[in-house]
Chemist: 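Starting off with a structure, shown below.
Model, not experiment: these values are computed from the prediction. To find a chain, count down the sequence lines: A is the first, B the second, and so on, and within it residues start at 1.
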Amino acid sequence: MSGVDKSVRVRFAPSPTGYLHIGSARTALFNVLFARANNGTFILRIEDTDRNRYVEESMEDIKESLSWLGLMWDEGPGVGGDVGPYIQSERLDIYKEHADRLVETGHAYYCFCTPDRLDELRKAQAAAGEPTGYDRRCRDLPEEEVRRLLDEGVPSVIRFKMPLEGATIVEDVLRGKIRFENRLLDDFVLMKSDGYPTYQLASVVDDHLMKISHVIRGDEWINSSPKHVLLYKAFGWEAPVMAHLPVILSQSGGKLSKRHGATQLREFREKGYLPEALVNFLALLGWTSPDGEEVLDFDQMVSSFSLERVGTSPAVFSYDKLDWLNGVHIRRLDPDEFSDRCIPFLQRDGLVSNPATSEEVAYVRKVAPLLQERVKLLSDISDMSGYFFTDEITHDPSLLVPRKMSKEETASVLRKSLEVLEGLDDFSESALETMLRSLVDSLGLGTRQVFMPIRVAVTGSTATPGLFETLHVIGKERVLERIRKAIQVLQEQ
RNA sequence: GGCUCCAUCGUCUAGCGGCCUAGGACACCGCCCUCUCAAGGCGGCGACACGGGUUCAAAUCCCGUUGGAGCUACCA
């Protein structure tokens with residue numbers, strides 16, 4: 001029965017150095033999916049131990065972005081929990097205490113080397129083609145010497161005393177055993193001279209104190225995992241299960257960068273990606289559902305998620321596929337819901353006032369659904385629906401006149417259409433369809449030859465939703481006015 | 001340079017020794033539907049990096065080569 005009822009506790013531990021990155025969001029998602037799939041607990045922990053890189057707004061952005069994605073944490077900033085605080089800068093005394101303990105037990109030592117010396121050392125090593133790393137000058141300083149320097153207030157750090165031989169095996173659930181030769185590992189820093197811990201110390205101490213059962217993180221951490229394993233050993237603690245997720249690459253093969261599109265979650269949000277689609281897409285980057293289904297909602301992912309189906313090879317971020325998936329999820333939305341989600345974008349582009357009036361909301365709910373299966377990004381809505389909101393239509397004769405028809409013929413068709421529509425009191429879709437189709441018959445023309453001029457006359461565009469529904473929503477008066485203008489344009493030519 | 005990870009269509013992937021003349025999805029191309037654009041339906045193009053082993057049998061296991069990526073800080 002050992003381990004069976006050990007509860008699953010996972011954490012997402014971003015550092016507040018900028019806006020939430022899409023790759024971090026993927027890591028957060030996998031942690032949440034694993035937690036939910038195992039009735040576990042998802043913890044958010046802020047790793048703000050680097051005072052130089054700290055960015056004020058990022059903490060808020062991280063929380064906002066996770067919430068927007070629907071990845072709520074059970075313990076962490078804002079919600080509390082039994083093993084807090086969950087912000088590392090509020091746990092400084094804990095790290096100090098643990099670092100001291102390692103010094104006392106002979107697993108760590110004070111180092112008084114200056115950054116300048118370390119820098120020169122590194123340069124010299126690199127120039128000589130040697131592996132870089134600390135030369136352990138302070139590792140065996142006499143105790144009195146250490147005390148003296150400490151008393152004098154000479155700046156110092158605490159370093160881990162790496163075993164000089166042997167090997168450390170890291171067990172990764174996704175990849176199996178990974179072997180590291182200890183002699184190639186550095187005497188890494190545990191406590192910085194400013195009193196802050198390094199990631200290595202803080203994350204190990206916190207993961208243990210917060211009873212983390214599984215560490216699921218990006219694979220850029222693989223190389224520091226032996227340090228963590230050794231730290232657990234030095235403290236006499238049991239290490240959590242580790243899983244290193246494959247990296248996400250940009251389309252050029254390197255790290256995901258701005259060059260190829262958005263990288264921050266907020267950018268995706270602003271471009272009009274749905275959280276449903278983003279989460280679905282991110283899950284597919286490294287994981288596959290047992291039945292091979294690719295379009296999934298959150299609950300479906302939770303119910304079929306397992307680490308066994310997480311891969312290890314790097315994945316290229318494909319905007320094509322994301323866009324497709326976004327379209328799929330948009331089409332799945334309830335029409336009113338879709339309309340409401342379009343409103344912020346219409347407001348941003350000045351098509352709807354802010355706040356929107358109830359009339360505007362009602363109108364958007366008639367317009368937006370017509371475009372629902374045509375929109376890939378919510379931000380597309382403005383470009384595609386302008387003619388529903390403004391009466392200033394630009395009539396381009398080259399669009400107005402269908403192929404193989406003359407300007408005169410087109411004008412004539414529009415005049416006939418105008419005449420017929422003027423006499424039509426019932427501007428419903430079905431009445432419009434009946435009316436216009438019989439017009440096509442009586443003119444002895446093709447539907448295209450009649451419908452296209454009307455379409456362009458009313459919308460200024462050749463690509464629109466169905467003609468009848470479009471005319472219906474725009475309404476009789478505005479339709480007639482636009483057709484009259486189009487005729488005028490043709491005549492003036 | 002050193003260490004580590006990774007390696008199936010352009011991309012995401014299925015495949016965990018025989019079911020593979022390698023399946024699906026995106027993208028692309030063609031056809032159908034059709035008032036345009038989409039959506040949808042049907043079809044097409046297209047991959048096991050290379051070389052050695054192991055085995056009756058290898059995309060699947062092992063080794064090497066090559067390639068890509070990550071790490072190599074008093075950053076995370």
Chemist: Do you know the tightest heavy-atom contact between A/Phe112 and A/Cys138?
Modeler: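 Heavy atoms of A/Phe112 and A/Cys138 come nearest at N-SG, 3.4 Å.
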Chemist: If I pick the P atom on B/U8 and the same atom on B/A14, what distance separates them, to the nearest angstrom?
Modeler: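 Those two atoms are separated by 10 Å.
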Chemist: Of all the heavy-atom pairs spanning A/Gln251 and A/Ser318, show the shortest one and how long it is.
Modeler: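 In terms of heavy atoms, the two residues are closest at NE2-CA, 3.6 Å.
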Chemist: Are A/Arg437 and A/Asp441 ion-paired here, with the side-chain N under 4.0 Å from a carboxylate O?
Modeler: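 Salt bridge between A/Arg437 and A/Asp441, a charged N being under 4.0 Å from a carboxylate O: no.
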Chemist: Table please: side-chain donor-acceptor pairs of residues 152-164 of chain A below 3.5 Å, with sequence neighbours left out.
Modeler:
from     : atom 1 : to       : atom 2 : distance (Å)
A/Glu152 : OE2    : A/Arg148 : NH1    : 2.7
A/Arg159 : NH1    : A/Asp187 : O      : 2.7

Chemist: What integer number of Å spans the P atoms of B/G24 and B/C62?
Modeler: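 Those two atoms are separated by 28 Å.
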Chemist: Partner lookup for B/C16, please. Criteria are Watson-Crick or G-U wobble with both distances under 3.5 angstrom; report none if nothing qualifies.
Modeler: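 The base-pairing partner of B/C16, which may sit in any strand shown, does not exist here.
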Chemist: Can you tell me the Watson-Crick or wobble partner of B/A49, both distances under 3.5 angstrom?
Modeler: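 B/A49 is paired with B/U65.
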Chemist: A/Arg45: which residues meet the side-chain hydrogen bond (donor to acceptor under 3.5 Å, both in side chains) condition with it, sequence neighbours left out?
Modeler: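 Here the qualifying residues are A/Glu47, A/Asp207.
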Chemist: Using atom types as modelled, flag every donor-acceptor pair under 3.5 Å from a side chain in residues 279-288 of chain A to any protein atom, sequence neighbours excluded.
Modeler:
from     : atom 1 : to       : atom 2 : distance (Å)
A/Asn280 : OD1    : A/Leu296 : N      : 2.9
A/Asn280 : OD1    : A/His329 : NE2    : 2.8
A/Asn280 : ND2    : A/Glu294 : O      : 2.9
A/Thr288 : OG1    : A/Arg309 : NH2    : 3.3

Chemist: How would you label the contact of A/Gly133 with the nucleic acid (heavy atoms, under 4.0 Å): base, sugar-phosphate, or nothing?
Modeler: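 Touches nothing.
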Chemist: Given the C1' atoms of B/U54 and B/G18, what is the spacing between them in whole Å?
Modeler: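 My reading of the C1' atoms in B/U54 and B/G18 gives 16 Å.
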Chemist: If I pick the P atom on B/G17 and the same atom on B/A58, what distance separates them, to the nearest angstrom?
Modeler: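 B/A58 and B/G17 have their P atoms separated by 14 Å.
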Chemist: What is the base-pairing partner of B/G70, counting Watson-Crick and G-U wobble geometry with both distances under 3.5 Å?
Modeler: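 Looking at the geometry, B/G70 pairs with B/C3.
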Chemist: Scan residues 435-445 of chain A against RNA chain B and write down, sorted by residue number, each residue with any heavy atom closer than 4.0 Å; if none is found, say none.
Modeler: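 The answer is A/Arg437.
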Chemist: Do any of residues 154-172 of chain A sit with a heavy atom less than 4.0 Å from RNA chain B, and if so which?
Modeler: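 A/Val157, A/Arg159 - these, ordered by number, are the residues of the stretch whose heavy atoms sit under 4.0 Å from the strand.
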Chemist: Mind checking the P distance from B/C20 to B/A59? Whole angstroms is fine.
Modeler: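 One P to the other, the span is 13 Å.
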Chemist: First and last nucleotide of RNA chain B in contact with chain A, 5' to 3', at under 4.0 Å to a heavy atom: what are they?
Modeler: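 From 5' to 3', the first and last contacting nucleotides are B/G1 to B/A76.
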Chemist: With sequence neighbours left out, what residues match A/His98 under ring-ring contact (aromatic ring centres under 6.0 Å, His included)?
Modeler: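 A/His98: ring-ring contact (aromatic ring centres under 6.0 Å, His included) contacts with A/Phe235, A/Trp237.
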Chemist: In sequence, state the C-alpha distance, the side-chain angles, and the governing distance for A/Glu409 and A/Arg415, and then conclude on salt bridge (charged side-chain N to carboxylate O under 4.0 Å, His left out).
Modeler: CA-CA 10 Å; A/Glu409 285 172 306; A/Arg415 273 192 291 271; over 6 Å; no
Chemist: Could you tell me how far B/A76 sits from B/C71 if I compare only their P atoms? Round to whole Å.
Modeler: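 Roughly 14 Å separates the two P atoms.
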Chemist: Partners of A/Arg137 by salt bridge (charged side-chain N to carboxylate O under 4.0 Å, His left out), sequence neighbours excluded?
Modeler: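 A/Arg137 satisfies salt bridge (charged side-chain N to carboxylate O under 4.0 Å, His left out) with no residue once adjacent residues are dropped.
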Chemist: Which part of the nucleic acid, if any, lies within contact of A/Glu47, taking any heavy atom under 4.0 Å across all strands shown: a base, the sugar-phosphate backbone alone, or nothing?
Modeler: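 It contacts sugar-phosphate atoms only.
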Chemist: Give one of base, sugar-phosphate or nothing for A/Cys113, where a contact means two heavy atoms less than 4.0 Å apart.
Modeler: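 Base, at least one base atom sits under 4.0 Å.
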Chemist: Would you classify A/Thr462 as touching base, sugar-phosphate or nothing, given that sugar-phosphate means primed atoms plus P, OP1 and OP2, and contacts are heavy atoms under 4.0 Å?
Modeler: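 Here A/Thr462 touches the bases of the nucleic acid.
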Chemist: Report, one line per pair, each donor and acceptor closer than 3.5 Å where one atom sits in a side chain of residues 176-184 of chain A; sequence neighbours left out.
Modeler:
from     : atom 1 : to       : atom 2 : distance (Å)
A/Lys177 : NZ     : A/Glu171 : OE1    : 2.9
A/Arg179 : NE     : A/Glu181 : OE2    : 3.1
A/Arg179 : NH2    : A/Glu181 : OE2    : 3.1
A/Asn182 : OD1    : A/Thr168 : N      : 3.4
A/Asn182 : OD1    : A/Thr168 : OG1    : 2.6
A/Asn182 : ND2    : A/Glu165 : O      : 3.0

Chemist: For B/A49 versus B/G67, give the span between their C1' atoms, rounded off to a whole number of Å.
Modeler: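 These two C1' atoms come out 8 Å apart once rounded.
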Chemist: On RNA chain B, check which nucleotide each of A/Thr49 and A/Arg309 is closest to and give me the residue with the more 5' one.
Modeler: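 On the 5' side of the pair lies A/Arg309.
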Chemist: Identify whether any heavy atom of A/Pro465 sits under 4.0 Å from a base atom; if not, whether one sits that close to sugar-phosphate; answer base, sugar-phosphate or nothing.
Modeler: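 Base contact - A/Pro465 has a heavy atom under 4.0 Å of at least one base atom.
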Chemist: Taking only residues two or more places apart in sequence or in another chain, which ones pass salt bridge (charged side-chain N to carboxylate O under 4.0 Å, His left out) with A/Asp396?
Modeler: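 Counting only residues at least two positions away or on another chain, A/Asp396 forms no salt bridge (charged side-chain N to carboxylate O under 4.0 Å, His left out).
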Chemist: A/Tyr134: what forms a ring-ring contact (aromatic ring centres under 6.0 Å, His included) with it, not counting sequence neighbours?
Modeler: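 Applying ring-ring contact (aromatic ring centres under 6.0 Å, His included) to A/Tyr134 gives none.
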Chemist: According to side-chain hydrogen bond (donor to acceptor under 3.5 Å, both in side chains), who are the partners of A/Asp186, at least two apart in sequence or on a separate chain?
Modeler: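 For A/Asp186 there are no side-chain hydrogen bond (donor to acceptor under 3.5 Å, both in side chains) partners, ignoring immediate neighbours.
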Chemist: Using the C1' atom on both, measure B/U13 against B/C48 and round to a whole Å.
Modeler: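 B/U13 and B/C48 have their C1' atoms separated by 13 Å.
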Chemist: If each of A/Pro314 and A/Phe468 is mapped to the nucleotide of RNA chain B with the nearest heavy atom, which maps nearer the 5' terminus, i.e. the 5' end?
Modeler: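 Mapping each residue to its closest nucleotide by heavy atoms, the 5'-most match is A/Pro314.
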Chemist: Sort out the partner of B/A38 for me: Watson-Crick or G-U wobble, both distances under 3.5 Å, none otherwise.
Modeler: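 Pair assignment: B/A38 / none.
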Chemist: Please give the nucleotide sitting opposite B/C28 as a Watson-Crick or G-U wobble pair, both distances under 3.5 Å, or none.
Modeler: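 Pairing partner: B/G44.
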